[in-house]
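Just below is one structure, and these are the notes that go with it.
We're numbering straight along the sequence, starting at 1. Computation of the quantities below employed the complete heavy-atom set of this structure, encompassing side-chain atoms and omitting hydrogens, waters and symmetry-equivalent molecules.
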Amino acid sequence: MYSIIVVPPPTTEDERDRSQIRLAPGESLTFGRSAPDNDLRITHDGVSRRAGEITAQGAFWILSNLSREQTYVVENPEGAGEHVKLAPGRLDAPIPFEFSRIVLPAAGDLLALEVWAPRHDYLSGTGCLDGATTAPAFSLDRTKRYFAVLAALCEPRLRGTPHAPLPTVDQVADRLRPTWPAASRTSVQWNIDYLAVKLRLKPGPESADTGPRLNGKKESLVSLALRFDLVREDDLGVLAGGRRSRPPSPSRPWPATSASSNRAWNGPGCPVTGRCWWRPPTGRRPRP
């Protein structure tokens with residue numbers, strides 16, 4: 001049974017119909033510039049004559065860097081920037097990614113050699129053990145607005161490239177407005193701050209030591225969420241009407257205020273739960 005699929009770099013002849021090389025566990029594939037010495041020839045003057053070797057190992061594979069000068073990088077296209085570096089001469093480095101891209105620096109070019117590991121081995125059976133249930137590492141409610149904010153932050157990297165720029169707070173508010181009409185810059189930022197505390201990136205306000213200022217808060221949240229699969233591509237359905245936001249309560253209408261305060265406090269209540277948690281006294285504007 002084949003467990004590893006190698007897709008060579010495209011050429012002008014087969015750019016539209018790229019060939020595939022399948023390896024069974026224990027089989028190896030050498031690649032490089034020299035035709036007689038390699039199973040896969042890469043015709044580029046910047047590639048070593050004998051550049052590397054791929055070996056299938058069941059559900060994963062190992063890579064040897066046979067170059068004397070070049071460092072190779074193995075990227076995970078689905079892993080938000082995850083990568084493995086192989087120094088020159090490094091042998092038998094295990095690669096855990098299901099979809100991988102070996103990047104070969106070649107005289108000013110970056111050549112991509114794709115490797116797929118579609119075989120998945122899982123534990124069979126769900127034997128029950130006595131005792132208390134293990135507490136979840138991350139407790140997230142996918143029906144809450146904070147999760148929709150997190151999904152909107154992760155969307156560019158789930159749908160695009162691992163290094164796609166993150167949306168601004170205003171862009172997140174615009175993205176959520178079809179399912180959350182009250183979304184505003186203030187409410188989105190409130191949820192981002194809430195997520196930073198909930199995911200333990202920053203101590204809570206009740207803590208005596210609030211810790212140093214957290215720079216790159218959005219980047220830290222997205223990196224954590226994608227590394228631990230807290231948000232998957234399937235979860236992006238919350239951005240397309242996967243859940244209905246709670247409508248304003250007609251029995252407790254929001255007091256009329258200025259345009260600036262409407263932007264700051266647009267909505268019936270708490271940005272997370274939708275319940276009314278604060279109401280300004282009559283005749284006073286909410287503080288922006």
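Residues Val84 and Leu111 share a hydrophobic cluster, clusters being chains of Ile/Leu/Val/Met/Phe/Trp/Tyr side chains in contact below 4.5 Å. Connection of Val188 to Phe147 is established within a shared hydrophobic cluster, with ILVMFWY side chains joined at heavy-atom distances below 4.5 Å, either directly or through further cluster members. In the hydrophobic cluster analysis, where Ile, Leu, Val, Met, Phe, Trp and Tyr join through side-chain heavy atoms closer than 4.5 angstrom, Leu226 is grouped together with Leu201. Following chains of ILVMFWY side-chain contacts shorter than 4.5 Å, one can reach Leu40 starting from Val115, so the two form part of one hydrophobic cluster.
For Phe138, the side-chain contact (heavy atoms from CB on, under 4.5 Å) partners are Leu199, Arg200, Leu224, Phe228, Leu230, not counting sequence neighbours. With sequence neighbours left out, Asp229 forms a side-chain contact (heavy atoms from CB on, under 4.5 Å) with Arg232. Residues meeting the side chain to side chain donor-acceptor pair (under 3.5 Å) test with His83, sequence neighbours left out: none. With sequence neighbours left out, Pro156 forms a side-chain contact (heavy atoms from CB on, under 4.5 Å) with Ala164, Pro167.
Side chain of Lys198 to backbone of Ser139: a donor-acceptor contact under 3.5 angstrom is found. Remark: side-chain polar atoms of Ser3 are paired, donor with acceptor, to backbone N or O of Gly58 under 3.5 angstrom. Side-chain N or O atoms of Ser187 include one that pairs as donor or acceptor with a backbone N or O of Ser184 at under 3.5 Å. For the pair Asn65 (side chain) and Thr71 (backbone), a donor-acceptor distance under 3.5 Å is absent. Between the side chain of Ser48 and the backbone N or O of Arg50, no donor-acceptor pair lies under 3.5 Å. Side-chain atoms of Ser220 come within 3.5 Å of backbone N or O of Gly216 as a donor-acceptor pair. Here the side chain of Tyr72 pairs a donor or acceptor atom with the backbone of Ala51 at under 3.5 angstrom. The backbone N or O of Ala183 lies less than 3.5 Å from a partner atom in the side chain of Arg177, making a donor-acceptor pair.
With salt bridges taken as basic N to acidic carboxylate O contacts below 4.0 Å, none links Asp193 and Lys202. At a threshold of 4.0 Å, the pair Glu75-Arg101 counts as salt-bridged, since one of the basic side-chain nitrogens sits closer than that to a carboxylate oxygen.
Here the straight-line distance linking atom CZ of Arg142 with atom CG of Leu150 works out to 9.0 Å at 0.5 Å rounding. Note that NZ of Lys144 is 13.5 Å distant from CG of Leu195, once rounded to the nearest 0.5 Å. To the nearest 0.5 Å, atoms CH2 (Trp61) and CD (Glu53) are separated by 12.0 Å. Atoms CG and OG1, on Asp170 and Thr168 in that order, are 5.0 Å from each other to the nearest 0.5 Å. Atom-to-atom distance recorded for Arg119:CZ and Glu98:CD is 13.5 Å, nearest 0.5 angstrom.
Ring geometry for Trp190 against Tyr194 counts as parallel: the plane angle stays under 30°, on a 0 to 90° scale with 60° as the upper cut.
Few gaps surround CZ on Arg159; more than 12 heavy atoms of other groups in view lie less than 6.0 Å from it.
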Go through the steps for Arg157 and Glu219 under the test salt bridge (Lys or Arg N to Asp or Glu O under 4.0 Å), then give the verdict. CA-CA 11 Å; Arg157 296 187 180 177; Glu219 184 70 39; 2.8 Å; yes
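Closest of all the heavy-atom pairs between Leu236 and Ala151 is CD2-O, 3.7 Å.
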Mind listing the side-chain donor-acceptor pairs of residues 22-36 below 3.5 Å, one per line with the distance, residues two or more places apart or on another chain?
| residue | atom | partner | partner atom | Å |
| --- | --- | --- | --- | --- |
| Arg22 | NH2 | Gln20 | OE1 | 3.3 |
| Glu27 | OE1 | Ala24 | N | 2.9 |
| Ser28 | OG | Thr55 | OG1 | 2.9 |
| Thr30 | OG1 | Asp39 | N | 3.1 |
| Thr30 | OG1 | Asp39 | OD2 | 3.3 |
| Arg33 | NH1 | Val47 | O | 2.6 |
| Ser34 | OG | Asp37 | OD2 | 3.3 |

Between side-chain atoms of residues 86-97 and protein atoms elsewhere (two or more places apart, or another chain), which donor-acceptor pairs fall under 3.5 Å?
| residue | atom | partner | partner atom | Å |
| --- | --- | --- | --- | --- |
| Asp92 | OD1 | Ser64 | OG | 3.4 |

